[in-house]
Amino acid sequence: MQVLANKDFNDWARQRQMHMETVLERVLPSADLAPQRLHQAMRYAALDGGKRVRPLLAFAAGELTSAPVDRVETVAAAVELIHVYSLVHDDLPCMDNDELRRGKPTCHVAFDEATALLVGDSLQSLAFQLIAERTVAHSPSIQLELIRLLALASGSRGMAGGQAIDLESVGKTLTQTELEFMHIHKTGALIRAAVLLGAHAGSGLDSSQLDAINHYATCVGLAFQVMDDILDVEASTATLGKTAGKDAEQNKPTYVSILGLEAARKLAEDLHHNALLALPEFGESARRLAQIADFIVQRQS
Ligand code: GRG
């Protein structure tokens with residue numbers, strides 16, 4: 001995690017990133033368990049890397065509802081496993097064809113394509129196994145709803161659907177509305193799921209609170225993507241730990257290509273401002289969600 005001016009947030013985030021690493025260490029099959037090569041590759045892809053933004057969002061949302069730590073850590077790990085699966089598949093030659101991820105060779109480069117495909121499949125299954133076999137909510141019906149939310153966010157009506165639109169959009173001109181539709185699915189759906197699952201791991205929410213959380217999550221998910229587009233242009237490969245400048249190279253429509261840098265930055269700020277408007281009704285318990293929104297628009301990688 002890069003350092004922001006806010007030491008209190010940095011300390012909180014660092015502790016939870018380390019906590020997430022310990023949980024993932026524990027839930028991923030051991031590298032000496034057969035089939036060893038697949039398990040080594042799953043651990044290679046999931047451990048020791050990434051900002052862990054989705055787990056941080058789940059932990060922060062859990063603070064709204066006093067969610068017990070053993071429940072939030074499980075939903076946070078499940079969402080992160082889905083995220084890592086998406087990165088491994090996204091990097092494959094049949095998709096983005098990338099060789100660098102989280103500062104190291106992508107999974108299919110370090111292992112091979114077939115293994116990387118199975119890593120993604122297995123990480124996805126492990127995510128659902130975790131939230132099905134552990135208690136993550138106050139009642140079985142809420143637990144089922146969490147599983148449903150994660151499935152919806154990951155599948156063709158969520159992240160995978162957004163990825164399909166992304167692949168179809170290469171070389172095309174999209175309107176800002178079309179771009180937004182793509183990113184609400186591709187990046188936004190899982191970010192929203194992280195917030196919702198974290199909150200649902202605690203005590204009940206009324207419908208106005210749910211609306212507010214949904215609003216926050218949608219704004220933060222889009223702000224994250226707008227910043228990703230800006231960083232793809234402005235940051236270096238070394239800082240990002242993934243290949244910079246790929247969007248332009250692949251002729252992909254982005255917020256920067258459609259709006260220009262300055263308007264894209266203004267959009268990220270507006271989304272940030274809008275995300276924060278959803279939080280006052282939660283008082284002090286929403287402090288971490290507000291700080292993550294700040295982090296998302298200030299991040300350098
Ligand atoms: C293959 C089903 C399938 C989906 C892939 C999320 C995704 C869809 C592709 C990733 C490609 C990409 C660069 C998307 C833009 C936003 C994004 C999700 C960036 C990566 O997430 P970070 O910055 O990564 O949170 P770390 O490594 O920090 O976890």
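Residue numbers start at 1 and run along the sequence shown. What you see is a predicted model, and the numbers here were worked out from it, not measured in a lab.
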_Is the terminal nitrogen or CZ of R299 (NZ for Lys, CZ for Arg) located under 6.0 angstrom from the six-membered ring centre of F224 and within 45° of that ring's axis?_
yes

*asked:* For D247, is there any backbone N or O sitting under 3.5 Å from a side-chain donor or acceptor partner on D232?
replied: yes

*Checking side-chain contact (heavy atoms from CB on, under 4.5 Å) against P55, which of M20, H19, R16, Q17 comes through?*
M20

*Report the C-alpha distance between L126 and Q129 in whole Å, list the side-chain angles of each, state the deciding distance to 0.1 Å, and finish with yes or no for side-chain contact (heavy atoms from CB on, under 4.5 Å).*
CA-CA 5 Å; L126 180 59; Q129 182 192 332; 3.8 Å; yes

*OG1/T187 to NE2/H185 distance, rounded to the nearest 0.5 angstrom?*
11.5 Å

_Give me the atom names and distance for the closest heavy-atom approach of A41 to T115._
CB-CG2, 3.7 Å

_Against T243, only a single residue in D96, D91, D98 fulfils side chain to side chain donor-acceptor pair (under 3.5 Å); can you say which?_
D98

*Report the C-alpha separation of R288 and Q291 in whole Å, then their side-chain angles, then the decisive distance to 0.1 Å, and conclude whether the side chain to side chain donor-acceptor pair (under 3.5 Å) test is met.*
CA-CA 5 Å; R288 301 303 182 192; Q291 290 172 331; 2.8 Å; yes

*What closest approach, in Å, do A217 and I191 show between heavy atoms, and which atom pair accounts for it?*
O-CG2, 4.2 Å

_Exceeds 12 heavy-atom contacts within 6.0 angstrom, atom CZ of F128_ = yes

*Tell me, yes or no, whether the heavy-atom count around R157 atom CZ, taken from other residues, nucleotides or ligands under 6.0 Å, exceeds 12.*
no

*Is T106 reaching over with its side chain to a backbone N or O of R101, donor-acceptor style, under 3.5 angstrom?*
no

_Pairing of K104 and D48 as salt bridge, 4.0 angstrom limit_ = no

*Would you say Q209's side chain and D206's backbone share a donor-acceptor pair under 3.5 angstrom?*
yes

_Closer than 3.5 angstrom, by distance alone: can the side chain of H272 be matched with the main-chain N or O of V297 as a donor-acceptor pair?_
no

*Measure across Q143 and I131 and return the closest heavy-atom pair with its distance rounded to 0.1 Å.*
NE2-O, 2.8 Å

*For the pair E113 (side chain) and H108 (backbone), establish whether a donor and an acceptor sit closer than 3.5 Å, ignoring hydrogens and angles.*
no

_Spacing of NZ belonging to K186 relative to CD belonging to Q225, to within rounding of 0.5 Å_ = 5.5 Å

*Sole candidate of R54, R102, Q124, M42 that passes side-chain contact (heavy atoms from CB on, under 4.5 Å) when paired with V84*: R102

_Please determine whether side-chain contact (heavy atoms from CB on, under 4.5 Å) holds for the pair H83 and L87, giving the CA-CA distance in whole Å, both sets of side-chain angles, and the decisive distance to 0.1 Å._
CA-CA 6 Å; H83 170 59; L87 299 180; 3.4 Å; yes

*Nearest heavy atoms of Y216 and A293, plus distance in Å*: OH-N, 3.8 Å

*Same hydrophobic cluster for L196 and V136, using side-chain heavy-atom links shorter than 4.5 Å among ILVMFWY?*
yes

*Which pair of non-hydrogen atoms, one from G120 and one from Y85, has the smallest distance, and what is that distance?*
O-CB, 3.4 Å

*Between F9 and F295, what is the ring plane arrangement, given parallel below 30°, perpendicular above 60°, and tilted in between?*
tilted

*Taking 4.0 angstrom as the limit, do R287 and E284 come out as a salt bridge?*
yes

*Should we count CD of E99 as having more than 12 external heavy atoms under 6.0 Å?*
no

*If you group Ile, Leu, Val, Met, Phe, Trp and Tyr by side-chain heavy-atom gaps below 4.5 Å, do L92 and Y44 land in one group?*
no

*asked:* Testing the basics here: between R148 and E145, what is the closest heavy-atom pair and its distance to 0.1 Å?
replied: NE-OE1, 3.0 Å

*Is there a donor-acceptor pair closer than 3.5 Å between any side-chain N or O of R43 and the backbone N or O of L28?*
yes

_Whether the side chain of E21 engages the backbone of L47 through a donor-acceptor N/O pair (distance < 3.5 Å, no angle test) should be reported._
no

*Under 3.5 Å donor-acceptor, S169 side chain and I165 backbone*: yes

*Is E281 atom CD crowded by more than 12 heavy atoms from other residues, nucleotides or ligands, each under 6.0 Å away?*
yes

*Ignoring hydrogens and geometry, is there a side-chain-to-backbone donor-acceptor pair from H89 to L117 under 3.5 Å?*
yes

*Between D229 and K252, is there a salt bridge with N-O shorter than 4.0 Å?*
no

*asked:* Would the distance check show the side chain of K51 and the main-chain N or O of L56 forming a donor-acceptor pair, the cut-off being under 3.5 Å?
replied: no

